[in-house]
Amino acid sequence: MPNEQPIGIFDSGFGGLTVARAVIDLLPCEDVVYFGDTARYPYGPRSLDEVRDFAMQISSYLVNQHSVKLLVVACNTAAAAALDDLTETVNVPIIGVIYPGAQAAIDVSEKGKIGVIGTVGTINSGAYVRAFQELSSDQLELFPLACPGFVEFVERGESSGEKLHVLAERLLAPIVSAEVDTLLLGCTHYPYLARAIAKVVGSDVVLVSSADETAFAVAKLLKEMDLATEEEKNGKRVFISSGDVSWFAEVGQRLFGPELASVQAHEWNPSP
């Protein structure tokens, strides 16, 4: 029964939990399998080719070992590197976070001055610029900016403090100078730092996360493809980490909630 198969969601670590939370809240009857590739995080500084290989490997694992009916690439860097290849090679529907996030930013921006912050890999890929160009015929002013260091704070479970504030002030100075009216958090880790980011860019700037929009896209696609579960139940949640599972459970519970009580281990076979 394909409708009863789970939704697969993956990220380099904890960031995709923002997407998983949104999907679970919107679709509580659906089973969800979440994979955090913490053994190989962060993806941002890695080459896109390497990240593409990781994404293909994780997708194959979720499809073949967990029989997922739909894949959510809940990592902006992985989506930028591999979404096209995954769409061509994986035999289940796939949704990334880039286009839903870009559309949300377009919808809320009043002046068309939009900042986009993400990892080095995501920003250098140009994926967001292409997405905005495809989604809007309006003349937008885009200000893409890489923010190395933010992901590491989230992965340590730190979402506040003086060190984070100092880093945010330094990294976000070009966004403040550009006087954007909307700032797209182009990394699924960044919503956990929303308070620190908002403090630097100011209350007049609307912060946009792709998590909710991605969840809506998942719901829409499940309905269109007749894949939504028809059973009224509480969905099962499975969390898997390629790294330290006790650490993933500890940090994950703080970020996600008590539902993340246990984590399964998955170890990648070493390369020959």
Could you tabulate the donor-acceptor pairs under 3.5 Å formed by side-chain atoms of residues 154-165, not counting sequence neighbours?
unit_1	atom_1	unit_2	atom_2	d
E155	OE2	F14	N	3.2
E155	OE2	H189	NE2	2.4
R156	NE	E158	OE2	3.0
H165	NE2	E169	OE2	3.3

Using a 3.5 Å cut-off and no angle test, enumerate the donor-acceptor pairs between side-chain atoms of residues 108-119 and protein atoms at least two apart in sequence or in another chain.
unit_1	atom_1	unit_2	atom_2	d
S109	OG	G112	N	3.0
S109	OG	D181	OD1	2.9
S109	OG	D181	OD2	3.3
K113	NZ	A178	O	2.9
T119	OG1	T77	OG1	2.7
T119	OG1	T122	N	3.2
T119	OG1	T122	OG1	3.1

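Contact detail for W268 and S242: the closest heavy-atom pair is NE1-CB, 3.6 Å. Scanning both residues, A74 and I9, for their nearest heavy atoms gives CB-CG2, 3.6 Å. Scanning all heavy atoms of the two residues, the minimum distance from A219 to L27 falls at CB-CD2, 3.9 Å. Minimum heavy-atom separation, P42 to R46: O-NE, 3.7 Å. Pairing each heavy atom of G96 with each of L83, the nearest pair is N-CD1, 4.0 Å. The minimum heavy-atom distance between A22 and D212, with the atom names listed, is CB-OD1, 3.5 Å.
For residues 198-242, the ring pair (Phe, Tyr, Trp, His ring centres under 6.0 Å) pairs, not counting sequence neighbours, are F239-F256. Residue pairs meeting the side-chain hydrogen bond (donor to acceptor under 3.5 Å, both in side chains) criterion with at least one member in residues 224-234, sequence neighbours excluded, are E4-T229, D31-K233.
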### Task
Would you check, one step at a time, whether the test side-chain hydrogen bond (donor to acceptor under 3.5 Å, both in side chains) holds for S241 with T38?
CA-CA 6 Å; S241 170; T38 47; 2.6 Å; yes
### Task
Using the side-chain hydrogen bond (donor to acceptor under 3.5 Å, both in side chains) rule, take Q57 and D53 through it: C-alpha gap first, then chi angles, then the decisive distance, then the call.
CA-CA 6 Å; Q57 188 179 29; D53 289 343; over 6 Å; no
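The side chain to side chain donor-acceptor pair (under 3.5 Å) check on N124 picks up nothing, with sequence neighbours excluded. Remark: S209 pairs with no residue by the side chain to side chain donor-acceptor pair (under 3.5 Å) rule, at least two apart or across chains.
No single ILVMFWY cluster, assembled from side-chain heavy atoms under 4.5 Å apart, contains both Y128 and L171. Linking ILVMFWY side-chain heavy atoms closer than 4.5 Å, directly or via other members, places V68 and L221 in two distinct hydrophobic clusters.
Distance alone, capped at 3.5 Å, is enough to place a donor-acceptor pair between the T89 side chain and the D85 backbone.
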